[in-house]
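Notes follow the structure.
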Amino acid sequence: MRYWLMKSEPDVFSLADLKARPGQREPWDGVRNYQARNFMRDAMQKGDTVLFYHSNTNPPGIVGLAEVASDPYPDPTAFDKKSKYYDAKSDPENPRWILVDVRYCETFSRMVTLEAMKAMPALAEMRVLQRGNRLSITPVTAAEFKAINKAGLA
DNA sequence: GCCAACGTTGGC
DNA sequence: GCCAACGTTGGC
């Protein structure tokens with residue numbers, strides 16, 4: 001069982017949107033960064049816990065939990081010419097972009113803001129808090145998850 | 001809207 | 001394979 005942080009702009013796709021989806025489940029499409037793709041393709045497993053982070057909003061932070069709900073498979077938006085995520089260089093015979101489905105788990109009773117995270121000693125080494133980090137998917141340690149989950153349910 | 005940080009692209 | 005130019009991310 002592993003833990004992950006996944007960023008989404010709530011204007012585009014929020015945790016509430018995930019909750020409202022049929023089956024409370026959605027493909028995490030549109031990732032076009034190789035490191036983030038590699039995490040989904042190579043390291044995620046069904047049942048892994050996802051900290052759902054809202055970026056580009058005020059305040060940014062973690063709003064709740066989801067889980068990995070599928071094995072990795074090719075991102076269909078890469079082959080859809082009408083999608084803004086269309087990538088002409090992704091060959092259907094050898095797909096460049098891989099995703100997993102995520103499923104809604106719960107909404108924190110209290111959002112754990114970026115500011116609060118920066119103030120938590122347990123998160124001093126957390127990847128998403130390191131300077132210059134822009135990765136939309138990052139691994140989270142069990143200790144980091146525990147600290148955030150506790151703050152979110154407080 | 002600004003801009004620092006970072007990833008990708010493509011000419012050479 | 002270098003690196004300048006460009007595009008994107010995301011906090012503020």
Side-chain angles (χ1 to χ4, degrees), chain A residues 2-21 26-44 48-68 72-102 104-141 143-145 147-154:
Chain A
R2 293 181 177 170
Y3 302 94
W4 306 93
L5 181 145
M6 296 172 83
K7 294 180 188 172
S8 184
E9 299 186 26
D11 290 347
V12 179
F13 189 75
S14 69
L15 183 62
D17 293 333
L18 179 61
K19 187 178 183 180
R21 283 289 191 271
E26 183 76 2
W28 200 264
D29 58 21
V31 169
R32 297 292 179 268
N33 171 283
Y34 290 105
Q35 284 188 70
R37 176 206 66 183
N38 291 349
F39 285 136
M40 290 196 284
R41 186 188 63 184
D42 304 332
M44 281 189 181
D48 283 357
T49 298
V50 174
L51 294 163
F52 202 110
Y53 181 96
H54 281 177
S55 66
N56 253 308
T57 187
N58 188 18
I62 295 169
V63 291
L65 303 179
E67 69 178 352
V68 177
Y73 63 95
D75 182 343
T77 64
F79 312 123
D80 177 2
K81 285 188 177 166
K82 285 175 288 187
S83 169
K84 69 171 189 165
Y85 301 122
Y86 175 68
D87 181 358
K89 294 177 185 168
S90 183
D91 175 4
E93 297 300 314
N94 183 21
R96 175 181 293 198
W97 303 114
I98 303 293
L99 54 67
V100 297
D101 292 349
V102 298
Y104 174 82
C105 289
E106 69 178 310
T107 303
F108 281 160
S109 52
R110 187 186 303 182
M111 177 185 190
V112 183
T113 64
L114 178 60
E115 186 183 16
M117 291 167 67
K118 286 176 176 171
M120 293 166 68
L123 305 185
E125 305 293 321
M126 191 170 180
R127 184 127 171 209
V128 77
L129 298 182
Q130 303 311 308
R131 182 171 169 275
N133 174 76
R134 293 188 325 177
L135 264 187
S136 63
I137 300 176
T138 48
V140 174
T141 68
E144 288 162 354
F145 170 77
I148 292 166
N149 191 48
K150 189 178 170 191
L153 299 176

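Letters A, B, ... are given to chains in the order of the sequence lines, protein chains preceding strands, and every chain is numbered from 1. All values below were derived from every heavy atom in this structure, side-chain atoms included, with hydrogens, water molecules and symmetry-related copies excluded.
Nearest nucleotide to the side chain of Tyr34(A), out of dG10(B), dG10(C), dT8(B): dT8(B).
Lys7(A) has no side-chain polar atom (N or O) that falls below the 4.0 Å cut-off from OP1 or OP2 of dT9(C). Within the 4.0 Å cut-off from OP1 or OP2 of dT8(C), not a single side-chain nitrogen or oxygen of Tyr85(A) is found.
Listed by residue number, Lys118(A), Arg134(A) are the residues of residues 116-134 of chain A with a heavy-atom contact under 4.0 Å to DNA chain C.
The pair Asp87(A)-Arg32(A) does not meet the salt-bridge criterion, since no charged nitrogen lies less than 4.0 angstrom from a carboxylate oxygen.
A donor-acceptor contact shorter than 3.5 Å is absent between the side chain of Gln130(A) and the backbone of Arg127(A).
Rounded to whole angstrom, the span from the CD atom of Glu9(A) across to the P atom of dT8(C) amounts to 12 Å. dT8(C) atom P lies 13 Å from atom CG of Asp87(A), rounded to whole Å. One atom, NZ of Lys84(A), and another, C1' of dT9(C), lie 12 Å apart when rounded to the nearest Å. A straight line from CZ of Arg32(A) to C1' of dG10(C) spans 19 Å, rounded to a whole angstrom.
Heavy-atom distances to DNA chain B give each of Asn33(A) and Lys89(A) a nearest nucleotide, and the one nearer the 5′ end belongs to Asn33(A). Toward the 5′ end of DNA chain B lies the nearest nucleotide of Asn56(A), the other residue of the pair Gln35(A) and Asn56(A) mapping further downstream.
Between Leu65(A) and the options Asn149(A), Val50(A), Ile148(A), a side-chain contact (heavy atoms from CB on, under 4.5 Å) holds for only Asn149(A).
Evaluation of the side-chain hydrogen bond (donor to acceptor under 3.5 Å, both in side chains) test over residues 107-118 of chain A, restricted to residues two or more places apart or in two chains, returns Tyr104(A)-Thr107(A).
Aromatic pair Phe145(A)/Trp4(A): centroids not less than 6.0 angstrom apart.
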- Query: Val102(A) and Glu67(A): side-chain contact (heavy atoms from CB on, under 4.5 Å), yes or no, with the steps?
  - Reply: CA-CA 5 Å; Val102(A) 298; Glu67(A) 69 178 352; over 6 Å; no
